[in-house]
Amino acid sequence: MLLKNNQSLKLFCYTFIYKKFLKSGALKLMQIKIYDSIKKEKVEFVPIVEGEVRFYVCGPTVYDDSHLGHARSAIVFDLWRRLLRENGYKVIFAKNFTDIDDKIINKSLQSGKSIEEITQTYTQRYLDEMQALLVERADIEPKATQSLEAIFTLIDKLLSKGYAYKTQNGDIYLSVHKDKLYGSLSGRIAELENLSRIQNNEQKQDNKDFAIWKGYKGVGDIGYDSPFGKGRPGWHIECSAMIEKHLAYKGEYAIDIHGGGADLLFPHHENEASQTRCANNQTLARYWIHNGFVTINGEKMAKSLGNSFFIKDALKHYDGEILRFYLLSTHYRAGLNFNEEDLLACKKRLDKIYRLKKRLDSTENTEICPSFKESFLEALSDDLNISKALSIVDDFITKANEFLDTKQKDKLPLIVGNLMLIQKLLGIGGKNAETYFQLGVSEEEKAQIESLIQQRLEAKKAKDYQKADAIRQDLANRGISIMDTPKGSVWEKQ
């Protein structure tokens with residue numbers, strides 16, 4: 001807890017040398033708790049191999065621009081990755097790109113563009129948007145088109161073990177009834193029975209069976225040569241194959257953590273788990289993490305509903321860091337109903353971090369307050385308890401401003417160190433403060449503002465206060481506020 005008076009920051013950081021610190025000064029690792037989607041409860045995280053985490057997240061199907069639902073998922077798992085790493089784990093993080101899919105084929109037919117042009121365009125846009133949202137790139141970024149050999153190997157295993165069968169039209173299906181554990185992941189097999197009645201296929205042995213290979217159908221389709229004939233992989237098979245190729249351990253579990261949006265739990269993740277279990281007699285992941293939906297007006301954000309808010313459109317109005325902070329400020333498992341009122345309220349919270357940063361003089365010496373780090377990490381380690389973590393940040397900002405108000409500049413290294421930890425874990429607060437408060441102003445507008453500020457300075461020197469006040473009012477009408485400081489006049493966008 002932060003002190004509620006102006007006592008020394010050294011007392012506030014009373015654990016600096018002894019309590020819960022190793023002789024090296026490094027904090028003991030926190031016990032991380034994860035809400036496992038399968039067990040439906042918070043459990044203690046125990047890695048398969050001590051000190052290492054193998055983490056796979058389902059990425060986008062690259063046929064269109066990404067929306068804020070994609071952004072939230074990426075930010076959530078970026079935060080998990082940062083937390084695990086800060087707790088001392090070596091994290092091997094993979095996120096795939098689905099670049100073989102019916103939607104991509106349809107886009108190609110409608111637009112007249114090649115499959116490659118479409119997938120390359122939207123893959124790069126996704127990567128650029130993730131960079132704007134300060135999401136770190138994955139260590140491994142496999143694509144379906146680059147994983148065909150791994151997919152062939154997995155399908156061959158399923159065929160040879162009798163879990164899959166080939167139809168007359170060249171399709172290959174996994175026989176769901178032969179997997180006695182099918183449905184154990186989601187508990188939603190009844191939904192598959194209802195869905196399969198609607199999507200009945202006479203070639204299937206059972207309506208619940210799902211395609212792991214789709215035979216080439218001729219004009220309007222795409223196909224790749226394979227041991228099973230020309231065709232293309234089904235959607236679900238690629239993730240199991242990519243995990244086996246890039247991440248899988250030998251043993252009971254293939255990887256530590258598998259993540260994705262809540263909509264992927266069934267049937268996508270259920271089918272992934274089934275494929276790996278049948279082919280390798282292995283549980284796909286020890287822990288499953290799913291993030292909640294983003295909604296607009298109470299409806300799940302999806303292109304099929306026509307309410308998709310593209311990331312590219314949001315970035316036209318708001319800086320990526322502001323969007324990031326907004327999307328991570330609600331607990332990751334909860335639904336988030338996107339609205340600009342909440343976003344602006346969240347921005348004001350971020351403003352406070354930069355207001356503090358603006359007050360700081362540069363320092364080469366930095367220290368992290370151990371009690372702050374302990375409480376901050378403890379909150380995040382409890383299944384990303386972001387509300388508690390941000391309240392700890394708020395308390396720190398209040399206390400840090402009090403120290404600066406009383407000119408306790410010897411506390412500067414600790415304040416700077418704490419801000420650096422916030423940036424490292426949450427991915428916010430890394431900009432220059434003056435740059436942050438001038439976001440959304442074009443270079444041309446900046447030149448005009450600087451010119452008016454210079455004219456105001458000259459008017460004040462000439463004691464033409466009426467003109468100086470008129471210029472200040474003109475800038476205020478443009479949403480620009482001026483602050484006169486000992487170092488000169490500075491301005492901000494309101």
Exercise for review: May I ask you to decide if Val46's main-chain N or O and Arg286's side chain share a donor-acceptor pair within less than 3.5 Å?
Suggested key: yes
Check your understanding: Can you list every pair that meets salt bridge (charged side-chain N to carboxylate O under 4.0 Å, His left out) and has a residue in residues 137-155, with sequence neighbours left out?
Key -> Arg81-Asp139, Arg137-Glu141
Review point. Just checking, any donor-acceptor pair under 3.5 angstrom between side chains of Asp99 and Tyr63?
Key: no
Check your understanding: Between the side chain of Arg324 and the main-chain N/O of Ile428, is any donor-acceptor distance below 3.5 Å?
Key -> no
Check your understanding: Does the ring centre of Phe210 sit less than 6.0 Å away from the ring centre of His236?
Key -> yes
Point to revise | salt_bridge(Arg85, Glu136) N-O dist < 4.0 Å | key: yes
Review point. Judged by modelled atom types alone, do Glu434 and Trp491 share a side-chain donor-acceptor pair under 3.5 Å?
Key: no
Review point. Just checking, is any N or O donor in the side chain of Gln110 or Asn106 under 3.5 Å from an acceptor N or O on the other one?
Key: no
Practice item. Would you mind reporting whether Ile118 and Val62 have side-chain heavy atoms less than 4.5 Å apart? Key: no
Check your understanding: Can we say Lys358 and Glu492 salt-bridge, meaning some charged N sits less than 4.0 Å from an Asp/Glu carboxylate O?
Key -> yes
Review point. Do Leu336 and Tyr326 have side chains that get closer than 4.5 Å, going by heavy atoms?
Key: yes
Point to revise | Whether Tyr354 side chain and Gly430 backbone form a donor-acceptor pair below 3.5 Å | key: yes
Practice item. Would you please say whether a donor-acceptor pair under 3.5 Å links the side chains of Thr276 and Glu244? Key: no
Review point. With distance as the sole test, does Ser37 use its side chain to make a donor-acceptor pair with the main-chain N or O of Trp288 at under 3.5 Å?
Key: yes
For residues 52-61, tabulate all N or O donor-acceptor pairs below 3.5 Å that involve a side-chain atom, not counting sequence neighbours.
{"residue": "Glu52", "atom": "OE2", "partner": "Arg54", "partner atom": "NE", "Å": "2.9"}
{"residue": "Glu52", "atom": "OE2", "partner": "Arg54", "partner atom": "NH2", "Å": "3.3"}
{"residue": "Glu52", "atom": "OE2", "partner": "Tyr249", "partner atom": "OH", "Å": "2.5"}
{"residue": "Arg54", "atom": "NE", "partner": "Tyr249", "partner atom": "OH", "Å": "3.3"}
{"residue": "Arg54", "atom": "NH1", "partner": "Leu247", "partner atom": "O", "Å": "2.5"}
{"residue": "Tyr56", "atom": "OH", "partner": "Asn96", "partner atom": "OD1", "Å": "3.4"}

Practice item. Could you tell me if the ring centre of Trp213 sits under 6.0 Å from that of Phe152? Key: yes
Review point. Are side-chain heavy atoms of Leu315 and Phe310 found at a separation under 4.5 Å?
Key: no
**Study point:** Side-chain touch Val416/Leu412, heavy atoms, less than 4.5 angstrom
**Key:** yes
**Study point:** Ring-ring centroid check Phe45 Tyr89, cutoff 6.0 Å
**Key:** yes
Check your understanding: Do Asp351 and Tyr436 meet the criterion of a side-chain donor-acceptor pair at a distance under 3.5 Å?
Key -> yes
Review point. Per the side chain to side chain contact (heavy atoms under 4.5 Å, CB included) rule, which among Ile368, Val393, Leu377 passes with Leu421?
Key: Ile368
Point to revise | Close aromatic pair by centroid cut-off 6.0 Å: His290 and His269 | key: yes
Exercise for review: Decide whether Tyr122 and Glu117 meet the rule of one side-chain donor and one side-chain acceptor closer than 3.5 Å.
Suggested key: no
Point to revise | Pi-cation contact, Phe403 with Lys399 (under 6.0 Å, within 45°) | key: yes
Revision key, fill the gap. d(Lys424 NZ, Leu419 CG) to nearest 0.5 Å is 14.5 Å
Review point. When you check the side-chain N and O atoms of Asn271 and Gln275, is any donor under 3.5 Å from an acceptor?
Key: no
**Study point:** Over 12 non-hydrogen atoms of neighbours within 6.0 angstrom of NZ in Lys107
**Key:** yes
Check your understanding: Judged by modelled atom types alone, do Asn339 and Asp342 share a side-chain donor-acceptor pair under 3.5 Å?
Key -> yes
Review point. Ser73 side chain to Gly260 main-chain N or O, any donor-acceptor pair under 3.5 Å?
Key: no
Review point. Counting only N and O atoms by type, is there a donor-acceptor contact under 3.5 Å from the side chain of Gln454 to the main-chain atoms of Ser451?
Key: no
Check your understanding: Is there a donor-acceptor contact under 3.5 Å linking the side chains of Ser186 and Glu270?
Key -> yes
**Study point:** Polar side chain donor-acceptor pair, Glu378 to Ser381, under 3.5 angstrom
**Key:** no
Review point. For the side chain of Asn291 and the backbone of Tyr332, is there at least one donor-acceptor N/O pair under 3.5 Å apart?
Key: no
Check your understanding: Going through the distances and angles, do Lys357 and Asn432 end up as a side-chain contact (heavy atoms from CB on, under 4.5 Å)?
Key -> CA-CA 8 Å; Lys357 194 171 181 179; Asn432 172 276; over 6 Å; no
Check your understanding: Got a donor-acceptor contact below 3.5 angstrom from the Thr283 side chain to the Ala285 backbone?
Key -> no
Point to revise | Ring-face cation contact, Phe437 with Arg355, 6.0 Å cut, 45° max | key: yes
Practice item. Please round to the nearest 0.5 Å and tell me the distance separating atom CG of Leu384 and atom CZ of Phe77. Key: 9.5 Å
Point to revise | Criterion side-chain contact (heavy atoms from CB on, under 4.5 Å) on Glu86 and Met30, from CA distance to verdict | key: CA-CA 10 Å; Glu86 187 63 26; Met30 293 288 174; over 6 Å; no
